[in-house]
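Letters A, B, ... mirror the listed sequences (proteins, then strands); counts begin at 1. Being a predicted model, the structure only gives us computed values, none of them experimental.
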There are 2 protein chains.
Amino acid sequence: MDNADLRRAGLKVTVPRLKILEILESAEPHHLSAEDVYRKLMESDESIGLATVYRVLTQFEGAGLVERHNFDDGRAVYELASDDHHDHMVDVDSGRVMEFFDERIERLQREIAREHGFELVEHTMVLYVRKAKS
Amino acid sequence: MDNADLRRAGLKVTVPRLKILEILESAEPHHLSAEDVYRKLMESDESIGLATVYRVLTQFEGAGLVERHNFDDGRAVYELASDDHHDHMVDVDSGRVMEFFDERIERLQREIAREHGFELVEHTMVLYVRKAKS
DNA sequence: ATGAATGCAAAAACTTTGCATGACG
DNA sequence: CGTCATGCAAAGTTTTTGCATTCAT
């Protein structure tokens, strides 16, 4: 029920928004840059402007439908906001991005924030890794 | 002995490189964008091109002299690589960036990588926090 | 002297904006 | 129908590159 998701976010239901939502849902890997989304739209023979892609992604982010991350190569990537928070692990050799969740990290982060007199609002964590030598 | 640092990195000792190194050393806060560095150079009446700033920062990064981070606003910031690794905490209300180090986190990250069959090369972690309500 | 480094300007990459047209509710 | 959304093109940002000149060793 993507329609409902959009309405709930106060956004009109339009073809571009539905298509982009659909692309984000079926994306593998989950992380797409605006260009990635645009390219996939082209492949599906949709004539949707790149500007619209940016606008829609930004709106989606504002509405909490997607999350925006900045990996260390400097371009923004978007990913559908699922309820299950997770962090990222990047294989520096292959560039492959993996997702993982570790409760110990989550707990520790909240604790560290507290120890400094703050409360944790959110966090980003990316582990750059390499296959362990066998 | 910045001279030695540069030579050790295989870089010729030039005015731009020395000046930029100096700026990074005395920077408060530690994190400067290329523009920030450029602006400070202008203030010191140095006529060094912005392109050179980018080139030098990139070289420094390659040489391990500085670290590059991408905070969530999308522009790259550079910071002198000190031996003491640390992570960052950003106060979402004030925008203030703080540094901290926590061995428990470091250890846990290595452990998580290992559990997934990888070895940790490096990592970035930013905690977005807010002052705890009193 | 010779290769590396610089400055400038031009270009590339990424993202945002203005405006007229078209679509949603 | 009124407004909001879109497409296109133009402009903004940030970063990179080409090339002639200058500098370090």
What is the separation between atom [atom1] on [X] and atom [atom2] on [N], rounded to the nearest whole Å?
X        : N       : atom1 : atom2 : result
Asn70(B) : dT13(D) : CG    : C1'   : 15 Å
Asp36(A) : dC14(C) : CG    : C1'   : 13 Å
Arg68(A) : dT15(C) : CZ    : C1'   : 8 Å
Arg7(B)  : dA4(C)  : CZ    : P     : 17 Å
Lys12(A) : dT6(D)  : NZ    : P     : 10 Å
Arg55(A) : dG22(C) : CZ    : P     : 16 Å
Gln59(A) : dA5(D)  : CD    : C1'   : 8 Å
Met42(B) : dC8(C)  : CE    : C1'   : 13 Å

Counting side-chain heavy atoms from C-beta on, which of [options] comes nearest to [X]?
X        : options                  : result
Pro16(A) : dA5(C), dT6(C), dT6(D)   : dT6(D)
Ala76(B) : dA5(D), dA4(C), dT15(D)  : dT15(D)
Ala51(B) : dT14(D), dT15(C), dC8(C) : dC8(C)
Leu50(A) : dT6(C), dA5(C), dT15(C)  : dT15(C)

* **Other residues, nucleotides, ligands: >12 heavy atoms within 6.0 Å of Arg96(B) CZ** =>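 Not more than 12 within 6.0 Å, no.
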* To do: Using a heavy-atom cut-off of under 4.0 Å over every strand shown, decide if Ser33(A) touches base, sugar-phosphate, or nothing.
  =>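 Here Ser33(A) touches no strand at all.
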* Asked: Do the rings of His30(A) and His86(A) sit parallel, tilted or perpendicular, given the 30° and 60° boundaries?
  -> tilted
* Structure fact -> From the list Glu119(A), Glu103(A), Glu115(A), Glu122(A), salt bridge (charged side-chain N to carboxylate O under 4.0 Å, His left out) with Arg110(A) holds only for Glu103(A)
* Structure fact -> DNA chain D nearest-nucleotide lookup for Leu11(B) and Ala34(B): closer to the 5′ end is Ala34(B)
* Of Val15(A) and Val15(B), the one whose closest DNA chain D nucleotide lies more 5' ->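 Mapping each residue to its closest nucleotide by heavy atoms, the 5'-most match is Val15(A).
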Would you say [N] has OP1 or OP2 under 4.0 Å from some side-chain N or O of [X]?
X        : N       : answer
Thr14(A) : dT6(D)  : yes
Arg17(A) : dT6(D)  : yes
Tyr54(B) : dT16(D) : no

* Derivation of the salt bridge (Lys or Arg N to Asp or Glu O under 4.0 Å) call for Glu22(B) and Lys19(B) -> CA-CA 5 Å; Glu22(B) 189 180 300; Lys19(B) 278 289 169 192; 3.8 Å; yes
* Is the His88(B) to His123(A) ring centre distance short of 6.0 Å? -> no
